[in-house]
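Just so you know, these numbers use all the heavy atoms, side chains as well, and skip hydrogens, waters and symmetry mates. Numbering starts at 1 and runs along the sequence shown.
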Amino acid sequence: MTKTTAAPAPGYRDLDRLMSLMTGDEKHGPAATSTLDALWVLYDRVLRVTPESADAPDRDRFLLSKGHGPMAYYAVLAAHGFFDEDLLAGFGSYDSPLGHHPDRLLVPGAEIGSGSLGHGLPLAVGTALGLRAQGLTGPRVWVLTGDAELDEGSNHEAIAYAGPAGLDQLHTVVIDNASASYGRPGGIAARFATAGWSVASVDGRDHEALFAAFTAPHPGQPRAVVARVAPKR
């Protein structure tokens, strides 16, 4: 009898190959690659969600607010088995489920459909409040946003509300690739800290630093991790 061994699941080293399968216009490559390391650490070591538990009430929720550069997100989802990597080659095409913004009704594992910038963090606040109202204290809510998105007023309101509300199930990862039009006194981290958040700033390419920041205790406070990156070329 011949024994067959299943091929190993793709790892971090496979992400460049997976992303190379996605071609065409409007790829927003730098926007995508700036998120790559944070997404990998979240899905590989932090988030309590799998393809089998993607609809389970006690799963962690991940919301991609920085949705206009989804290539890294799609590559990471494929690497973790949420869908077959064969779908990547159709990215952005008419009949592909993998659009230039993720659609939660078409992309396995996607929690929200993104579009206009600035909606992810308010949705994450609402998700955390909904879990609290249901008595579900175990699931954690994560949202990944870009630095320029924080110019949107909806994000200002979400940041200002979540701290005093003590939404400690809420976690925000801000990808800071210096794309924002307007500076903030004290920087991005200070903005969250002033609103009562637990905050860390790390090198967005350093996996161990990201993991430590993602898993640090923050009882009674929402958590914000500012990941500083220069886009890969």
Side-chain angles (χ1 to χ4, degrees), residues 7 9-12 14-44 46-128 130-131 136 139-146 148-149 152 154-155 158 171-173 175:
Y12 177 76
D14 293 295
L15 293 181
D16 284 342
R17 177 184 64 82
L18 294 174
M19 290 184 67
S20 73
L21 299 176
M22 291 174 272
T23 59
D25 297 332
E26 300 182 15
K27 292 190 298 183
H28 291 282
T33 55
S34 66
T35 69
L36 188 63
D37 296 275
L39 285 168
W40 178 258
V41 174
L42 282 172
Y43 273 91
D44 198 55
V46 178
L47 289 174
R48 295 174 297 192
V49 63
T50 65
E52 295 73 29
S53 65
D55 294 319
D58 61 349
R59 73 189 184 281
D60 286 346
R61 276 77 167 168
F62 174 78
L63 284 62
L64 181 68
S65 187
K66 190 179 171 68
H68 61 288
M71 293 171 61
Y73 182 49
Y74 293 155
V76 170
L77 287 177
H80 285 85
F82 284 87
F83 54 81
D84 194 284
E85 69 176 65
D86 290 345
L87 286 178
L88 297 175
F91 166 69
S93 61
Y94 175 77
D95 58 351
S96 173
L98 306 182
H100 291 118
H101 280 264
D103 184 328
R104 70 178 183 86
L105 299 178
L106 298 177
V107 180
E111 294 281 355
I112 62 171
S114 66
S116 299
L117 296 178
H119 292 351
L121 182 52
L123 287 170
V125 169
T127 301
L131 291 170
L136 296 173
R140 301 166 299 183
V141 181
W142 292 81
V143 58
L144 187 147
T145 183
E149 283 189 81
E152 301 290 339
S154 57
N155 279 320
H171 305 75
T172 299
V173 183
I175 302 298

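For the pair V49 and A54, the tightest heavy-atom approach, listed with the atom from each and the gap, is CG2-CA, 4.1 Å. The two atoms that bring Y73 and A110 nearest to each other are OH-CA, 3.4 Å, heavy atoms only. Closest approach of S114 and S65 over heavy atoms only: CB-O, 4.4 Å. Contact record, A38 with V173: CB-CG1, 4.3 Å, taken as the closest heavy-atom pair. For the residue pair P10 and L18, the shortest heavy atom distance occurs at CB-CD1, 4.4 Å. Here the closest non-hydrogen pair linking P57 and L136 is O-CD1, 4.0 Å.
Every side chain to side chain contact (heavy atoms under 4.5 Å, CB included) that T35 has, sequence neighbours left out, goes to L39, K66, A72, L144, I175.
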For residues 75-84, dump all side-chain donor-acceptor pairs below 3.5 Å to protein atoms at least two apart in sequence or in another chain.
unit_1, atom_1, unit_2, atom_2, d
H80, ND1, V76, O, 3.0
H80, NE2, D44, OD1, 3.3
D84, OD1, D86, N, 2.7

Report, one line per pair, each donor and acceptor closer than 3.5 Å where one atom sits in a side chain of residues 88-97; sequence neighbours left out.
unit_1, atom_1, unit_2, atom_2, d
S93, OG, G90, O, 2.6
S96, OG, G90, O, 3.2
S96, OG, L98, N, 3.0

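More than 12 heavy-atom neighbours from other residues, nucleotides or ligands sit within 6.0 angstrom of CZ on R17.
Screening V125, T145, N155 for a side chain to side chain contact (heavy atoms under 4.5 Å, CB included) with T172, the sole residue that qualifies is T145.
A donor-acceptor distance shorter than 3.5 angstrom exists from the side chain of T127 to the backbone of L123, with no hydrogens or angles considered. R48 places no side-chain N or O within 3.5 Å of a backbone atom of D60 that could act as its donor or acceptor partner. Judged by distance alone, the side chain of Y74 and the main-chain N or O of G99 form a donor-acceptor pair under 3.5 Å. Using modelled atom types, no side-chain atom of E152 and backbone atom of E149 make a donor-acceptor pair closer than 3.5 Å. A donor-acceptor pair is defined here as one N or O able to donate and one able to accept, closer than 3.5 Å; such a pair exists between the side chain of R61 and the backbone of R59.
Rounding to the nearest 0.5 angstrom, the gap separating the CE atom in M71 from the CG atom in L15 is 11.5 Å. Atom CZ in R104 sits 9.0 Å away from atom CD in E111 (nearest 0.5 Å).
The shortest side-chain heavy-atom distance between M19 and T33 falls under the 4.5 Å cut-off.
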Tell me, with the steps shown, if F62 and L42 meet side-chain contact (heavy atoms from CB on, under 4.5 Å). CA-CA 9 Å; F62 174 78; L42 282 172; 3.8 Å; yes
